[in-house]
Amino acid sequence: VTASLLRDVARFGLGEGLDSELRSTPLDTSEWRRLLMLADRERLVGLLQAAIEHGAIEVSPEQRDEAAQRHLAWCATALDLERELLRVTTRLGQAGIRTLVLKGAAHAHLLYPDPAWRLFADNDLLVEGGALRSAIGVLADLGYERPVPALRPSFDERFGKGATLRRSSDGREVDLHRSFLFGTYGLRIAPRELFARAGSFQLGGVVLEVLAAEDRLLHLCIHASLGDPDPRLASLRDVVQAAGVRGIDEGRLRWLTERWALSPVLMRTVDLLESILDVKSPPLLRDLAHDGKLVRRDARAIASYVGDDRSYRAKILASLPFLGQRRDQLEFLAAAVLPSRDLRARFGGTLRWYGRGLRRRQTGEGSPREVSLSSVRDDREPNR
Amino acid sequence: MSVVRAPGALWRRSGPCVVVQLPAGEPLLLEGLTGAVWAALDRPREVEELVDELRCQEAVSWTDRSSDDVRHLVVELCSVGLLVVAP
């Protein structure tokens with residue numbers, strides 16, 4: 001019951017009216033607890049709250065209150081992150097470093113009818129590869145450190161995904177991206193082009209730059225399909241939202257899909273949307289996915305993200321056929337086999353760090369940050 | 001006097017409440033009539049126009065004292081930086 005209802009929550013507001021019934025009787029206590037826990041994990045607390053507010057899910061008064069408290073806590077977390085996003089982008093801008101906001105606040109404000117429907121737990125920024133090292137230096141002034149050193153000084157700026165920075169004083173993290181992800185599909189994308197056609201949105205009176213709508217949709221497909229073997233339901237819903245944005249240039253989308261050789265990824269996206277979210281894929285994506293065919297090296301590349309062996313080594317080996325020039329291949333391999341002294345010191349050897357995959361769970365993975373709320377309540381009002 | 005939400009304020013609506021985050025300090029929870037005042041100030045409004053707007057809203061429990069309450073709230077919200085006087 002809970003899993004089915006959670007999927008219904010993930011589809012809330014798509015197609016049928018906002019008040020179309022998803023659940024006519026309150027869940028029992030254990031099912032309700034499980035639903036809340038899964039809604040946290042799948043980043044669906046905003047859609048759950050919206051479904052309850054619109055009367056699509058019947059809940060007991062206690063459950064209504066509990067969901068509202070949960071939603072408020074997530075809202076406070078998102079606002080705290082947005083404030084930090086403004087600080088970070090302002091500081092980087094002052095240093096002459098251009099950034100594009102990826103995911104998080106950008107998706108909440110640009111893809112959903114109400115940003116309170118899409119809550120998030122971290123900040124992601126795309127910086128131009130050549131500026132990555134400078135950006136890390138600038139954020140050090142704000143207290144951010146890089147827990148995992150670079151493979152090699154130049155590797156980040158040519159082949160890497162980017163760097164995760166963390167501030168130990170409050171546990172905040174900022175993901176600085178050079179590309180969308182590490183490995184094959186990160187290497188196929190030219191990040192400089194993303195800056196050339198960037199869009200923008202306003203946050204707190206400040207204009208922030210974001211990916212163009214077509215780039216955003218493809219980024220979301222990549223993220224949902226390759227970011228995790230079991231993608232979050234919210235990531236799949238994001239794809240549906242992004243595909244429905246007005247003004248998407250289908251010609252440009254098709255051109256980018258071919259240029260970045262993304263048809264195999266879109267085939268997986270379509271499959272995930274239909275098998276997990278149980279929605280009909282947007283025709284736009286279905287057409288693009290059907291244009292492609294899965295050849296062996298594509299299958300191997302996709303498996304390096306979502307197959308049994310998702311290690312760094314698997315991604316490196318799968319990437320080699322896509323690095324056109326022998327010189328690039330050698331440089332890429334050299335960095336992988338002989339990582340920097342800093343990294344070797346951190347992981348205790350030359351090759352042992354491979355198996356660890358440098359993957360780790362994000363802070364605040366399944367719950368909002370603890371933020372206290374000061375109430376500005378009107379105590380004079382008699383009937384609240 | 002015309003007032004509007006502070007341009008640097010970040011906010012989310014959650015049910016009948018609004019959570020607001022200013023550039024400094026803790027997030028603030030606006031409930032009841034305070035939340036309704038915030039929701040109505042999506043554009044600059046004269047205070048008396050705001051009173052009239054809220055009086056007509058079904059979701060607001062309006063009493064004889066509510067007009068004065070709204071006027072006091074506007075002053076209070078301006079004092080904490082949530083609202084500003086519109087240019």
Side-chain angles (χ1 to χ4, degrees), chain A residues 45-46 48-50 52-54 59 64-87 90 105 108-109 112-120 202-208 368-384, chain B residues 4-40 42 54-55 57-84 86-87:
Chain A
V45 172
L48 174 63
Q49 175 68 13
I52 292 171
E53 282 178 26
H54 285 88
V59 289
R64 181 180 299 277
D65 190 46
E66 201 171 355
Q69 290 303 318
R70 201 88 193 127
H71 187 244
L72 281 172
W74 271 102
C75 285
T77 296
L79 294 172
D80 184 48
L81 286 164
E82 287 184 353
R83 180 170 63 170
E84 186 63 12
L85 178 67
L86 291 173
R87 279 194 194 125
T90 300
H109 288 275
Y112 287 82
D114 181 341
W117 285 22
R118 180 64 166 101
L119 299 162
F120 50 92
Q202 276 213 13
L203 184 67
V206 177
V207 176
L208 297 175
R369 182 189 300 274
E370 290 292 328
V371 179
S372 63
L373 287 167
S374 306
S375 179
V376 181
R377 183 191 288 264
D378 171 28
D379 291 328
R380 291 170 292 249
E381 190 184 1
N383 298 316
R384 186 168 301 115
Chain B
V4 69
R5 296 171 190 160
L10 304 166
W11 61 280
R12 292 286 192 283
R13 188 192 58 78
S14 179
C17 306
V18 177
V19 192
V20 188
Q21 177 71 70
L22 288 170
E26 294 293 311
L28 300 165
L29 182 64
L30 312 185
E31 298 179 86
L33 190 58
T34 322
V37 166
W38 180 270
D42 54 346
L54 295 175
R55 184 185 286 125
Q57 287 187 7
E58 279 181 31
V60 177
S61 305
W62 199 259
T63 70
D64 292 343
R65 297 186 324 190
S66 296
S67 299
D68 283 342
D69 288 349
V70 171
R71 293 185 193 102
H72 285 124
L73 273 172
V74 166
V75 173
E76 196 176 322
L77 294 178
C78 284
S79 72
V80 295
L82 289 176
L83 302 182
V84 294

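As the structure is a computational prediction, the values presented were derived from the model and not from experiment. Naming: A, B, ... by sequence-line order, numbering from 1 per chain.
Between chain A and the options B/Val37, B/Leu22, B/Val18, the largest number of non-hydrogen pairs under 4.5 Å is found for B/Leu22. Between chain B and the residues A/Arg64, A/Gln202, A/Glu82, the most heavy-atom pairs under 4.5 angstrom are made by A/Glu82.
Closest heavy-atom contact between A/Gln49 and B/Gly15: NE2-N, 4.0 Å. Here the closest non-hydrogen pair linking A/Leu72 and B/Val19 is CD2-CG2, 3.3 Å. Closest approach of B/Arg12 to A/Ala108, counting heavy atoms only: NH2-CB, 4.3 Å. The minimum heavy-atom distance linking B/Ser14 with A/Ala68 is given by the pair OG-O, 4.1 Å.
Using a 4.5 Å cut-off between heavy atoms, A/His109 touches chain B through its side chain atoms alone. Looking at B/Trp11, the atoms closer than 4.5 Å to chain A (heavy atoms on both sides) all sit in the backbone: N, CA, C or O.
Qualifying side chain to side chain contact (heavy atoms under 4.5 Å, CB included) partners for A/Val206, counting only residues two or more places apart in sequence or in other chains: A/Leu86, A/Leu208. By the side chain to side chain contact (heavy atoms under 4.5 Å, CB included) test, A/Arg83 pairs with A/Asp80, A/Arg87, B/Leu10, B/Gln21, sequence neighbours left out.
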